[in-house]
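Reading through the structure tokens given below for one structure.
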Amino acid sequence: MRASDIPEDFDRVLYTDEQVASRVREVAAQIDADYAGREILMVGVLNGAVMTMADLCRAMKSHMSMDWMAVSSYGAGTKSSGVVRILKDLTKDIEGRDILIVEDIIDTGLTLSYLVQNLRSRNPNSIEIMAMFRKPEAVTCPLDVKYVGFDIPNEFVVGYGLDYADKYRNLTDVATLAPHVYNS
């Protein structure tokens, strides 16, 4: 589904599916170069990172394995609640492994900061972060993010895994959600 299929729900398209796919390939090549000769465990953060993780893995040439976590600080709202909860934990032991956290978006950074701290306590060899989208103006927790797909404005954005109340994840474009949709 493209933003043009339901234009009344969006203010504007930030990135088309072609622009997103191109950037994913660029980031995958950078990760391949940085991890040459090493196998990484990619940890996808559910549910939003599903699209990014799938496309990133397919674009990579490196050996990798993957696992998933579900961590939430949002609920059904548009702003972080400030309380982070692990809803689904990893199934693999990460001690001594090179970890690449794959996240859909960094908003305040609270959730990801908590996740990094939690994973560090499990003694991995290294932890790096890949976020498809980052809102630099909204970040309140300092994070060292090695790979960023796009920096985006501090607006409510949906598509390519990003949702509002579990809708719009399947939008192939990345668009700003019209306020009438989430203020109703």
Side-chain angles (χ1 to χ4, degrees), residues 1-3 12-71 74 90 92 94 97-120 124-163 168-176:
M1 175 174 66
R2 290 183 170 270
R12 69 187 189 284
V13 172
L14 296 175
Y15 299 102
T16 64
D17 58 350
E18 293 88 2
Q19 290 171 308
V20 171
S22 176
R23 184 65 183 131
V24 167
R25 287 189 301 272
E26 291 170 4
V27 172
Q30 186 180 1
I31 293 168
D32 280 335
D34 291 348
Y35 285 92
R38 296 164 42 197
E39 185 173 325
I40 58 176
L41 173 62
M42 297 175 66
V43 175
V45 182
L46 295 169
N47 287 329
V50 169
M51 308 302 186
T52 301
M53 184 86 136
D55 290 346
L56 188 64
C57 290
R58 286 190 299 246
M60 289 174 57
K61 296 179 171 113
S62 302
H63 290 292
M64 48 72 60
S65 56
M66 61 173 98
D67 204 346
W68 298 90
M69 289 187 82
V71 183
Y74 280 84
L90 296 173
K92 295 177 173 66
I94 66 169
R97 308 249 349 234
D98 292 311
I99 307 301
L100 178 62
I101 299 170
V102 179
E103 179 67 286
D104 57 348
I105 188 167
I106 298 174
D107 199 330
T108 64
L110 174 69
T111 302
L112 195 52
S113 178
Y114 172 84
L115 181 59
V116 168
Q117 182 180 13
N118 180 289
L119 294 180
R120 275 198 183 119
N125 183 51
S126 67
I127 296 178
E128 297 292 352
I129 300 167
M130 183 280 167
M132 194 64 215
F133 306 101
R134 175 177 62 184
K135 294 181 179 179
E137 297 170 12
V139 174
T140 59
C141 297
L143 287 167
D144 183 20
V145 182
K146 188 163 187 175
Y147 310 100
V148 176
F150 299 99
D151 281 330
I152 60 174
N154 191 15
E155 299 176 52
F156 202 88
V157 177
V158 295
Y160 197 68
L162 302 173
D163 74 304
Y168 307 108
R169 287 190 197 279
N170 63 325
L171 186 68
T172 58
D173 301 318
V174 177
T176 56

Looking at [X] and [Y], what are the two nearest heavy atoms and their distance?
X	Y	answer
Asn125	Asp98	ND2-OD1, 2.6 Å
Arg134	Val139	CG-CG2, 4.5 Å
Met53	Gly44	CE-N, 3.3 Å
Tyr147	Asp34	OH-OD2, 2.7 Å
Ala138	Asp107	CB-OD1, 3.2 Å
Val45	Ile101	CG2-CG2, 3.9 Å

Compare all side-chain heavy atoms of [X] with those of [Y] and state whether any distance is below 4.5 angstrom.
X	Y	answer
Asn47	Arg169	yes
Val116	Ile129	yes
Cys57	Met64	yes
Ile106	Phe133	no
Ile99	Glu128	no
Val43	Trp68	no

Next item on the list: Test Thr176 against Leu14 for side-chain contact (heavy atoms from CB on, under 4.5 Å), laying out the working first.
Entry: CA-CA 7 Å; Thr176 56; Leu14 296 175; 4.0 Å; yes
Rounded to the nearest 0.5 Å, what separation is found between the [atom1] atom of [X] and the [atom2] atom of [Y]?
X	Y	atom1	atom2	result
Thr111	Met69	OG1	CE	11.5 Å
Leu41	Met66	CG	CE	10.0 Å
Ser65	Glu39	OG	CD	5.0 Å
Leu143	Leu112	CG	CG	5.0 Å
Asp163	Asn170	CG	CG	10.5 Å
Met130	Leu56	CE	CG	5.5 Å

Checklist line | Greater than 12 external heavy atoms within 6.0 Å of Lys92's NZ | finding: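 Check passes, neighbour count above 12.
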Check: Should we say atom CD of Gln117 is surrounded by more than 12 heavy atoms from elsewhere, each under 6.0 Å from it?
Finding: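 At most 12 heavy atoms, drawn from other residues, nucleotides or ligands, come within 6.0 Å of this atom.
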Next item on the list: Carefully, step by step, assess Met132 and Met51 under the rule side-chain contact (heavy atoms from CB on, under 4.5 Å).
Entry: CA-CA 10 Å; Met132 194 64 215; Met51 308 302 186; over 6 Å; no
Using only heavy-atom distances, determine whether the side chains of [X] and [Y] contain a donor-acceptor pair under 3.5 Å.
X	Y	value
Ser62	Asp32	yes
Thr16	Arg2	no
Tyr160	Asp173	no

Next item on the list: Go through the steps to decide whether Arg12 and Glu155 satisfy the test salt bridge (Lys or Arg N to Asp or Glu O under 4.0 Å), and finish with yes or no.
Entry: CA-CA 11 Å; Arg12 69 187 189 284; Glu155 299 176 52; 2.8 Å; yes
Next item on the list: Could you check Ile105 against Ile152 for side-chain contact (heavy atoms from CB on, under 4.5 Å), going step by step and ending with a plain yes or no?
Entry: CA-CA 10 Å; Ile105 188 167; Ile152 60 174; 3.8 Å; yes
Notebook entry, point to check: For Ser126, does its backbone N or O pair with a side-chain atom of Arg120 as donor and acceptor, under 3.5 Å?
Noted result: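 Flag not set: sc Arg120 to bb Ser126 has no pair under 3.5 Å.
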Margin query: Is it the case that the side chain of Arg97 and the backbone of Pro124 share a donor-acceptor pair, with hydrogens and angles ignored and the cut-off at 3.5 Å?
Written below: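 Flag not set: sc Arg97 to bb Pro124 has no pair under 3.5 Å.
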